[in-house]
Amino acid sequence: MSLIRVENLAKEYVNGEVVTPVLRGVSFTVEPGEFVAIMGPSGSGKSTLMHILSFLDRPSTGRYEFEGLDTSEFSDEYLAGLRNERVGFVFQSFNLLARTSVLDNVKLPLLYSRVKKSETLAKEALAAVGLSHRLDYFTNQISGGEKQRVAIARALVNNPAVLFADEPTGNLDSKSGNTVMQILQNLNDQGRTIILVTHEQETARHARRILRVKDGAILADERVLDRVLAFSDKELVK
Amino acid sequence: MNFFSTIQLVFRTLRARKGRSLLTILGIVIGVAGVIIIIALGAGAQSLVLGQVTKLGSNLISVQPGKSNEKGPPAAVFGITVTTLVNSDIDAIRDQGNVPHATAITGVVQGSGSVIWGNKSVDTNFWGTDGGFPGVMNITMEAGRFFDKAEADGGANVVVLGKSVGDQLFAGTGMDPVGQVIKIKGAKATEAGGVPLRIVGVVAERGSVFGNDQDDQVYVPLPIGQQQLLGIRYLQAINLKVDAAENVSSTIADINRILMQRHRIQREVDADFTIRNLADAISILTTITDALRIFLTAMAAIALLVGGIGILNIMLVTVAERTREIGLRKAVGATNSAVRNQFLLEASLLTSLGGALGIIFGVIISYLAAVGIRTLGYDWAFEISFVSIGLAVGVSILTGVLFGLYPAFKAAKFNPIDALRYE
């Protein structure tokens with residue numbers, strides 16, 4: 001059973017009389033343990049595709065099966081539950097809560113689930129991204145790279161089936177970006193499915209597979225042969 | 001998301017915006033404080049009136065000279081001297097065969113004058129009355145006795161002092177007032193020395209009734225008051241006490257019949273006297289205080305409404321400001337109802353905070369008002385009922401929920417992606 005299977009997925013935005021098609025019939029599958037980069041220029045529909053895959057948005061037509069189940073039947077409440085427990089999301093602009101500690105930010109998804117030991121889980125997730133020493137810092141007291149690592153910890157805290165990352169290095173300098181990519185690669189090496197959206201070839205080459213999207217359609221679905229491995233950051237190990 | 005973590009979350013948000021939160025709830029604070037104060041003052045006024053009534057004695061009827069409208073003031077209020085009520089009217093009413101339910105009856109005149117003992121002089125009010133006075137006015141004696149019917153009718157040279165008059169003249173002298181002779185001068189009296197009277201008793205402390213100090217008074221027999229102090233031959237009022245409340249109206253009818261007959265009056269409209277009972281006066285007073293209370297309650301309701309609109313406004317601003325946060329919460333799994341509850345709870349927490357502050361201010365202000373009124377000499381009770389506090393809490397939470405509903409539902413309906421992209 002594929003983790004994700006989409007068939008003829010289409011999405012159009014209707015604004016009054018104007019209908020803007022963003023996705024025009026996309027089909028592919030993602031297996032558990034894959035590291036897929038969705039690549040394309042801005043306006044290509046790659047972000048919309050990711051939002052649909054991560055249950056933040058619904059397709060206009062087409063079929064989306066997640067873990068073998070047709071998602072078109074799912075209620076909003078059920079989708080909220082899926083976002084909470086089955087997927088994690090990392091944003092380009094971090095989207096951390098201001099005036100809130102790092103630990104509390106990571107605990108946020110657990111607030112909406114029935115998990116009991118949220119403190120322990122959040123600390124484990126922060127340890128996995130090498131931020132155990134920043135638990136009580138406020139989000140305005142840490143660097144951009146650290147913010148994105150907090151966001152990754154938040155995405156991981158519920159042990160999701162798949163981690164989505166939307167331009168995770170877009171707002172970072174190359175060193176911090178490298179650290180983030182290394183964390184993603186490590187997670188994938190441990191078996192985590194990762195779907196990454198980017199418009200940079202360099203970033204996409206960290207993945208194992210690239211889906212090239214243009215004008216709402218998939219141009220190419222290729223294996224990454226010359227895979228880039230992020231350098232080992234000694235800072236991270238501690 | 002459970003209730004407790006929502007509360008924690010909401011508290012953190014409100015703490016982050018202390019100044020704005022306080023300003024937002026100001027309307028609620030004022031409204032709730034208003035409700036508390038109004039209810040407290042209303043209860044105080046009511047217990048004051050009831051207290052005065054018991055002090056005056058219940059089932060009291062007063063006959064006053066001159067005709068007046070049913071509920072209007074007696075003619076004497078307008079400075080018109082009406083001389084139609086005379087001493088023999090008392091005797092006619094006192095006859096048990098005529099008015100069977102009257103337990104005590106007294107005729108009175110009032111005036112101001114000065115009381116002199118030795119080299120001390122005290123300005124005070126005097127009552128010219130008879131032996132029935134203590135029974136009608138619920139008077140108890142601190143020392144000695146009240147003058148009896150024989151002394152009163154005969155115009156004996158006796159006097160009974162009110163508590164504070166006795167204190168002013170005799171405190172510190174170590175002398176027993178009873179048995180001493182004082183002189184009393186009416187304001188209009190022409191005699192230089194005043195009328196010498198022997199003190200036969202001192203009345204126990206009575207407090208104030210409707211603003212009159214009942215202790216700053218002396219009581220003299222009716223003929224002394226009428227002829228020697230005021231120089232008149234008529235009565236200013238006949239007061240009587242009825243044995244039971246249900247007999248008040250029949251007694252009024254009895255008195256009316258007797259006086260019509262004695263004054264040779266055929267038609268009701270020509271009556272030269274007015275009969276009142278205390279219950280009427282109280283019901284007029286109650287009507288006034290009730291109207292006032294409704295008016296003030298309406299003002300408090302308007303304050304709460306304005307406060308609620310303030311909440312509505314600030315919650316809409318809050319929802320707009322935190323659109324991205326709402327998007328994020330939804331992205332990590334918050335359901336629509338979780339988001340809605342968060343904002344509803346935030347609004348009602350704001351208003352209950354306002355309610356709590358309002359209760360504190362309301363209680364403090366009511367207490368200060370009670371202290372202030374007491375220093376004016378009224379027996380004012382400081383009462384905060386649990387009903388009023390419950391009402392205030394309920395109303396403030398309800399305001400929050402009511403005015404928080406629209407912003408909360410608005411927030412709940414946000415599409416996570418649009419909300420996340422909101423700038």
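In what follows, chains are A, B, ... by sequence order, proteins preceding strands, each numbered from 1.
Heavy atoms of B:Leu328 lying under 4.5 Å from chain A belong exclusively to its side chain. Neither the backbone nor the side chain of A:Asn158 comes within contact range of chain B; no heavy atoms are under 4.5 Å apart. If you measure heavy-atom distances from A:Arg154 to chain B, the contacts under 4.5 Å come from the side chain alone. Residue contact with chain A, scored on non-hydrogen atoms closer than 4.5 Å, involves the side chain of B:Arg421 exclusively. Contact annotation for A:Phe55: neither backbone nor side-chain heavy atoms come within less than 4.5 Å of a heavy atom of chain B. Looking at B:Asn336, both its backbone and its side chain come within 4.5 Å of chain A, counting heavy atoms on both sides.
Ring geometry for A:Phe74 against A:Tyr78 counts as tilted: the plane angle lies between 30° and 60°, on a 0 to 90° scale.
The greatest number of non-hydrogen atom pairs below 4.5 Å with chain B, out of A:Val87, A:Leu97, A:Leu110, A:Asp104, is found for A:Leu97. Put simply, of A:His51, A:Glu85, A:Arg99, the one with the most heavy-atom pairs under 4.5 Å next to chain B is A:His51.
From A:Leu196, atom CG reaches atom OG1 of A:Thr169 across 7.5 Å, with rounding to the nearest 0.5 Å.
At least one donor-acceptor pair closer than 3.5 Å links the side chain of A:Thr100 to the backbone N or O of A:Ala98. The main-chain N or O of A:Asp215 is found under 3.5 Å from a side-chain atom of A:Arg24 such that the two form a donor-acceptor pair.
Using modelled atom types, one finds a donor on one side chain and an acceptor on the other under 3.5 Å when comparing A:Tyr112 with B:Arg329. At a cut-off of 3.5 Å, with distance as the only test, a side-chain donor of A:Asn95 or B:Arg324 sits close to an acceptor on the other residue.
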